[in-house]
Amino acid sequence: MYTGTTVEPCCLCGSEDTATRIDLPPRAVQLMKHGDPIAWRDIESTVTIYFCQSDWETVRDLVMNTGMSPLSRCNVARASFDLREDFEALLNDVREEPDQRPREERMLADAAETIDTYGEDDHVEERDVVEARIVTWALEDLGELTPAE
């Protein structure tokens with residue numbers, strides 16, 4: 001189910017003039033501001049957050065120089081993601097929750113490769129490293145993904 005977002009506002013200040021985006025695994029919404037009510041297991045896509053130019057500079061400095069994640073300040077209401085449709089209510093049937101592990105493993109492997117090749121590969125930019133570090137830190141903070149029961 002599409003969440004209805006047509007504008008990609010900055011997740012920090014709400015400005016509609018965004019310059020940069022990063023993609024996160026669905027579980028990362030738990031680390032974001034106002035993320036508690038969102039059923040992250042129902043997210044069927046990556047979670048994309050956007051930053052205006054001035055906030056991106058702050059985020060870049062925070063990640064690259066200080067080693068801190070900005071996710072706790074990012075408003076999940078300004079993120080972009082797809083939720084699965086609620087057929088359970090419509091059909092009175094229970095569906096299995098999507099398994100997010102393959103996506104997380106792929107994103108973590110890509111992040112590790114990005115961090116390892118930064119400075120050696122001309123195609124890896126600083127933005128890529130910022131995204132990779134945020135993804136890595138988020139998954140480390142959240143720990144192991146437990147299988148759906």
Side-chain angles (χ1 to χ4, degrees), residues 1-88 95-118 121-148:
M1 175 169 80
Y2 179 64
T3 59
T5 306
T6 57
V7 176
E8 293 89 19
C10 175
C11 68
L12 294 171
C13 70
S15 170
E16 293 181 9
D17 187 22
T18 56
T20 306
R21 69 174 247 184
I22 63 171
D23 294 326
L24 304 168
R27 279 197 303 153
V29 300
Q30 298 173 91
L31 301 173
M32 297 173 70
K33 187 177 184 181
H34 309 302
D36 292 340
I38 295 177
W40 65 267
R41 285 183 173 92
D42 288 338
I43 297 175
E44 295 185 323
S45 64
T46 56
V47 175
T48 304
I49 56 176
Y50 301 86
F51 298 96
C52 65
Q53 187 61 42
S54 65
D55 283 344
W56 175 249
E57 291 170 13
T58 303
V59 167
R60 186 190 65 226
D61 290 341
L62 188 67
V63 170
M64 297 299 285
N65 299 329
T66 312
M68 295 177 64
S69 174
L71 290 183
S72 65
R73 299 284 183 192
C74 295
N75 189 339
V76 75
R78 297 179 182 137
S80 177
F81 53 86
D82 293 325
L83 289 172
R84 71 181 180 150
E85 294 185 25
D86 188 5
F87 285 108
E88 293 172 9
R95 291 178 25 195
E96 289 185 29
E97 294 174 340
D99 185 4
Q100 303 290 353
R101 282 177 289 200
R103 175 181 317 213
E104 289 184 0
E105 290 168 358
R106 189 173 50 254
M107 291 182 86
L108 196 55
D110 290 346
E113 181 181 351
T114 298
I115 292 169
D116 289 344
T117 59
Y118 181 60
D121 185 347
D122 293 338
H123 299 297
V124 178
E125 300 176 358
E126 190 176 52
R127 188 216 70 80
D128 302 324
V129 175
V130 170
E131 178 181 71
R133 287 184 177 175
I134 293 172
V135 166
T136 302
W137 294 336
L139 291 174
E140 285 174 0
D141 288 348
L142 294 166
E144 284 282 325
L145 177 63
T146 56

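Heavy atoms only: backbone and side chains are in, while hydrogens, waters and symmetry mates are out. Predicted model, so just to flag it, every value in this text is computed and none were measured.
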**Q.** Sidechain-backbone polar pair: R133 side chain, I115 backbone, donor-acceptor under 3.5 Å
**A.** no

(Q) For E140, give me all partners under side-chain contact (heavy atoms from CB on, under 4.5 Å), at least two apart in sequence or on another chain. (A) T136, W137

Q.
Can you list everything that forms a ring pair (Phe, Tyr, Trp, His ring centres under 6.0 Å) with Y50? Sequence neighbours excluded, please.
A. none

Q) Among pairs that include at least one residue of residues 56-68, which meet salt bridge (Lys or Arg N to Asp or Glu O under 4.0 Å), considering only residues two or more places apart or in two chains? A) R60-E126

Q.
Using the side-chain contact (heavy atoms from CB on, under 4.5 Å) criterion, which residues pair with D116? Sequence neighbours excluded.
A. none

(Q) The criterion is side-chain contact (heavy atoms from CB on, under 4.5 Å); which residues satisfy it with S54, sequence neighbours excluded? (A) C52

Got a list of side-chain donor-acceptor pairs under 3.5 Å for residues 65-76, not counting sequence neighbours?
from : atom 1 : to  : atom 2 : distance (Å)
S69  : OG     : L71 : N      : 3.3
N75  : OD1    : A77 : N      : 2.9

Q. Does R27 reach the side chain of E104, with side-chain heavy atoms less than 4.5 Å apart?
A. yes

Q.
Going by the rule side chain to side chain donor-acceptor pair (under 3.5 Å), which residues pair with R21 if we only count those two or more places apart in sequence or in a different chain?
A. D23

Q. Does the side chain of R127 reach to within under 4.5 Å of the side chain of I22, using non-hydrogen atoms?
A. yes

**Q.** By side-chain contact (heavy atoms from CB on, under 4.5 Å) - contacts of E125 (at least two apart)
**A.** D128

Q: Write out all pairs satisfying ring pair (Phe, Tyr, Trp, His ring centres under 6.0 Å) with one or both partners inside residues 52-80, taking only residues at least two apart or from two chains.
A: F51-W56

